[in-house]
Amino acid sequence: MKLTDTVLRSFRVAKVFRENSDKINCFDFSSNGETVISSSDDDSIVLYDCQEGKPKRTLYSKKYGVDLIRYTHAANTVVYSSNKIDDTIRYLSLHDNKYIRYFPGHNKRVVALSMSPVDDTFISGSLDKTIRLWDLRSPNCQGLMHLQGKPVCSFDPEGLIFAAGVNSEMVKLYDLRSFDKGPFATFKLQYDRTCEWTGLKFSNDGKLILVSTNGGALRLLDAFKGAMLHSFGGYNNSKGVTLEASFTPDSQFMMIGSEDGKIHVWNAESGMKVAVLDGKHTGPVTCLQFNPKFMTFASACSNMAFWLPTIDD
C-alpha cells in the first residue's frame with residue numbers, strides 16, 4: 001500500500017494507551033517497526049508491541065528522570081538523557097534493566113540526541129552550547145564543538161554527515177570524519193524573533209531537512225543548497241510548546257501535532273496541506289512519528305495513540 005493524500009486523510013486512532021501520569025516527552029520506533037519505546041516526565045519508560053498493539057513492559061528511571069529516549073542498534077538497548085540531578089546520558093539494557101555505561105560531559109540540559117543510522121556513534125546537543133560526539137563503546141566524549149547558542153542536531157540517513165541548527169538561524173553541515181575542521185556548508189535563514197528551533201530532521205532520501213520550532217511554523221529546507229522550500233503554519237501552538245514534526249518514511253509528506261490535539265499533514269513537494277486529523281488528545285501532541293516499516297503512526301500527549309488507515313487505496 002502506498003501513501004497518498006487519500007490514504008493519509010483516512011487515518012484514524014485505532015488504540016489509545018493511558019500508561020502515563022505525565023506527558024510523554026519522547027518515543028522511538030525500533031528499526032524493524034515492531035516496537036516503540038517511550039520516555040515520560042513521570043520517570044517511566046514504556047515499551048509497546050506495535051504488532052499486537054499493546055504495552056509490553058514498564059521500567060522506571062526515578063532518580064535521574066528520562067527524556068530523548070533512542071534505540072541503539074543492539075537489541076534491547078536504549079540511550080537517553082536525564083532531566084533530574086545531572087545531565088549525563090545513560091545507556092540502558094532493557095533486557096535486565098541495568099545501565100551498561102554513562103556518558104558524562106554536558107553541564108546543562110541535553111536538548112538533542114541522535115543515533116547514527118549505521119553504527120555505534122551518537123551525537124548530543126545541550127543548553128551548554130556544545131554538541132558532543134560519542135561512541136557507545138566508550139564513556140569518553142569522542143569530539144566536542146562549541147557553538148554560539150542552543151543547538152539542535154541530527155544525523156543524515158547514511159550516517160556520513162550531521163546537521164546542527166544553531167541559534168535558531170543557521171544550519172551547519174559537518175562531515176563526521178573531519179568535523180573538527182568545521183562545517184563544510186552553512187545555511188543562514190531569516191531569523192524569527194517569535195520562536196526558537198526545537199528540532200531538526202532529515203528525510204529518509206536525504207534531500208530535505210525539516211526544522212521544527214516552538215512557535216506556529218515549520219521550515220522545510222533543501223539539504224544540499226540550504227534554500228527554504230516551504231514554511232508550514234496553520235496549526236495551534238500559542239504556548240511555546242516543543243512539538244515534534246516528522247517525515248513519512250517515503251519522504252513525501254511531513255506531519256506535526258498541535259496544542260489542540262490535532263495532527264496536520266502537508267505534501268513536501270507542493271507544500272499543500274493534505275489532512276488535519278483529530279487525535280482526541282487531552283493535551284498538546286508533543287511526540288509524533290511514522291512507523292519506519294508499517295502503515296501506522298503514533299502520536300502522544302500523556303496518552304499514546306496508534307493510528308491506522310481506514311481505506312485501501
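By convention here, the first residue in the shown sequence is residue 1. The figures here come from the full heavy-atom set of this structure, side chains too, leaving out hydrogens, waters and symmetry mates.
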Is it true that Glu244 and Lys201 make a salt bridge, defined as a side-chain N closer than 4.0 Å to a carboxylate O? yes
Cut-off 3.5 Å, side chains only: do Thr58 and Glu19 have a donor facing an acceptor? no
Taking atom NZ of Lys129 and atom CG of Asn107, what is their separation to the nearest 0.5 Å? 11.5 Å
Evaluate the side-chain proximity of Ser61 to Tyr99: yes if any heavy-atom separation is below 4.5 Å, no if none is. yes
Joint hydrophobic cluster, Ile131 plus Met170, side-chain heavy atoms closer than 4.5 Å: no
Within the side chain of Asn237, is there an N or O that forms a donor-acceptor pair under 3.5 Å with the backbone of Val241? yes
Using atom types as modelled and distance alone, determine if a side-chain donor or acceptor of Thr130 lies under 3.5 Å from a backbone N or O of Arg132. no
Derivation and outcome, side chain to side chain donor-acceptor pair (under 3.5 Å), residues Trp307 and Ser299: CA-CA 8 Å; Trp307 298 70; Ser299 60; 2.8 Å; yes
Separation of Cys301 SG from Arg18 CZ (nearest 0.5 Å): 9.0 Å
Has Thr248 got a side-chain atom pairing as donor or acceptor with Phe253's backbone, closer than 3.5 angstrom? yes
Any side-chain heavy atom of Phe122 within less than 4.5 Å of one from Ile89? yes
I'd like to know if Tyr174 and Leu176 are part of one continuous hydrophobic network [Ile/Leu/Val/Met/Phe/Trp/Tyr, side-chain heavy atoms within less than 4.5 Å]. yes
Any side-chain heavy-atom pair from Val171 and Leu221 closer than 4.5 angstrom? yes
Flag if over 12 foreign heavy atoms under 6.0 Å of CD, Glu269: no
dist Ser38:OG -> Asn20:CG (nearest 0.5 Å) comes out at 5.5 Å
Do Phe155 and Met115 come within less than 4.5 Å of each other through their side chains, counting heavy atoms only? no
Are more than 12 heavy atoms from other residues, nucleotides or ligands located less than 6.0 Å from atom CD of Gln51? yes
Would one find more than 12 heavy atoms of other residues, nucleotides or ligands at under 6.0 Å from atom NZ of Lys273? yes
Are any non-hydrogen side-chain atoms of Asp87 and Phe103 less than 4.5 angstrom apart? no
To the nearest 0.5 Å, atom OG of Ser39 lies from atom CG of Leu68 at 7.0 Å
Would you please indicate yes or no on a ring centroid separation below 6.0 angstrom for Tyr48 and Phe17? yes
For residues Tyr191 and Trp197: do they belong to one hydrophobic cluster (side chain heavy atoms under 4.5 Å, members Ile, Leu, Val, Met, Phe, Trp, Tyr)? no
Answer yes or no: does atom NZ of Lys62 have more than 12 heavy-atom neighbours from other residues, nucleotides or ligands under 6.0 Å? yes
When rounded to the nearest 0.5 angstrom, what is the spacing between NZ in Lys280 and CG in Asp260? 12.0 Å
Measure the acute angle between the ring planes of Phe232 and His230, then classify it against the limits of 30° and 60° as parallel, tilted or perpendicular. tilted
Donor-acceptor pair, distance only, cut-off 3.5 Å: does the side chain of His264 make one with the backbone of Tyr235? no
Report yes if some heavy atom in the side chain of Pro157 is under 4.5 Å from a heavy atom in the side chain of Asp205; otherwise report no. no
Could you state whether Leu59 and Leu47 fall into the same hydrophobic cluster, counting links through intermediate Ile, Leu, Val, Met, Phe, Trp or Tyr residues with side-chain heavy atoms under 4.5 angstrom apart? yes
Stepwise, does the side-chain contact (heavy atoms from CB on, under 4.5 Å) test hold for Cys141 with Trp134? CA-CA 5 Å; Cys141 175; Trp134 310 88; 3.9 Å; yes
Counting C-beta onward and ignoring hydrogens, is there a side-chain heavy-atom pair between Ile209 and Leu200 closer than 4.5 Å? yes
Looking only at atom types and distance, does a side-chain atom of Thr213 sit under 3.5 Å from a main-chain N or O of Leu218, one as donor and one as acceptor? no
With under 30° as parallel and over 60° as perpendicular, where do the rings of Phe297 and Phe11 fit, or are they tilted in between? tilted
Under the 3.5 angstrom rule, does the side chain of Ser116 hit a backbone N or O of Asp119 as a donor-acceptor pair? yes
First locate atom CG of Asp49, then atom NZ of Lys56, and finally report the distance between them rounded to the nearest 0.5 Å. 5.0 Å
Residue Lys188 excluded, over 12 heavy atoms near NZ under 6.0 Å: yes
Determine whether Ile37 and Ile100 fall in the same hydrophobic cluster, where Ile, Leu, Val, Met, Phe, Trp and Tyr are linked whenever their side-chain heavy atoms lie under 4.5 Å apart. no
With heavy-atom distances below 4.5 Å as the criterion, would you say the side chains of Trp266 and Met272 are in contact? no
Do other residues, nucleotides or ligands put more than 12 heavy atoms under 6.0 Å from the NZ atom of Lys84? yes
